[in-house]
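The block underneath contains the structure these notes are about, expressed in structure tokens.
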Amino acid sequence: MSQPATSNTTSASASPYGTLPPTSTPAQRKPISLPRLAEMHQRGEKITMLTAYDATFAAVADAAGVECLLVGDSLGMVCQGLHNTVGVSLETMRYHTESVVRGLQRTQATAWVIADLPFGSYHEGREQALRSAAVLMQAGAHMVKLEGGGWTSEIVQFLVDRGIPVCAHLGLTPQTVHALGGYRVQGKSDAAASTLRQHAHALQDAGATMVVLEMVPAPLAAELTKALTHCATIGIGAGKDTAGQVLVLHDMLGINLGKMPRFVRNFMDSASSVRGAMEAYVHAVKEGSFPDNSQHAW
Ligand code: KIV
């Protein structure tokens, strides 16, 4: 007599929506941790980061060797179709963080997961920031990221003192796009560069172990990278001399339907698969051929 079909069959047959393997394979690499990232920083090995918003792309990026996955609030634009990141809610960030983490757990993947604290979720002060960060950490993030300098230092210290690793974000901070008047290079004048330096040092002193530098002149980013010995600079439009690089996934896969920012390279151009494009990105960042200051920086 034939066996009745069960809904949770574990056979190796193809599954229609199965972009993740049905059973997990043994872990291939040691998980990325804060001490491992600090070692890479000290050794001068470039840190690679891409944004990820769902389970499958997270698993593929990990398999391609991307060390850090940023559940960026850029998901408001690339997943939700918003015009900017201001409308992204904490609940949406929690949903996408859980999806990314589930994808990594299903494949026993090892990436370090950073989740963005969205606009309005830390602006009231440190207690609100702690409550919001707890939501993202309980969704499985290893670190939270918040934008801005000056007023954020005391929030960073409050979170770090409570065991929450923090990545800061300076230069072009998309959550303040209306105040900045658009997506423009930051830190160009002497005064702006000096403020950026002060903010970066204050954030390092507060305990931030990473800082994203977005659309900052390459010489300033290089100077900050040398000066910040305990906080790894992660550049996006900040030249090649930062401790690591980050790109928005959809940009580096060439599926930005708007105008491609100058600092992006389309890694799908010379790849035959998404994983291949991600591997090419990792390789180019590690060997220092991306970004190219003559094309991708200011
Ligand atoms: O939200 C995001 O994707 C980011 C990156 C642009 C760094 O913050």
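Excluded from the calculations below are hydrogen atoms, water molecules and symmetry mates; all remaining heavy atoms, backbone and side chain alike, are included. Here, residue 1 is the first one in the sequence, and each next residue gets the next number. Just so you know, ligand 1 is whichever comes first in the structure, and atom 1 is the first atom listed for that ligand.
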Side chains of Leu34 and Trp112 in contact at under 4.5 Å (non-hydrogen atoms): yes
Distance-only polar pair, side chains of Glu67 and Thr48, donor-acceptor under 3.5 Å: yes
Pair Tyr95, Thr97: side-chain N/O donor-acceptor within cut-off below 3.5 Å: no
Which residues share a side-chain hydrogen bond (donor to acceptor under 3.5 Å, both in side chains) with Gln186, sequence neighbours left out: none
Aromatic ring pairing Tyr53/His96, orientation class (parallel under 30°, perpendicular over 60°, tilted between): perpendicular
Starting from the N and O atoms of ligand 1, collect every protein N/O partner closer than 3.5 Å and put each pair on its own line with the distance to 0.1 Å.
| from | atom 1 | to | atom 2 | distance (Å) |
| --- | --- | --- | --- | --- |
| ligand 1 | 1 (O) | Asp73 | N | 3.1 |
| ligand 1 | 1 (O) | Asp73 | OD1 | 3.0 |
| ligand 1 | 1 (O) | Ser74 | N | 3.0 |
| ligand 1 | 1 (O) | Ser74 | OG | 3.4 |
| ligand 1 | 1 (O) | Asp116 | OD2 | 3.1 |
| ligand 1 | 3 (O) | Ser74 | OG | 2.5 |
| ligand 1 | 8 (O) | Lys145 | NZ | 2.9 |

Glu39 with Arg36: basic N within carboxylate O range, under 4.0 Å: no
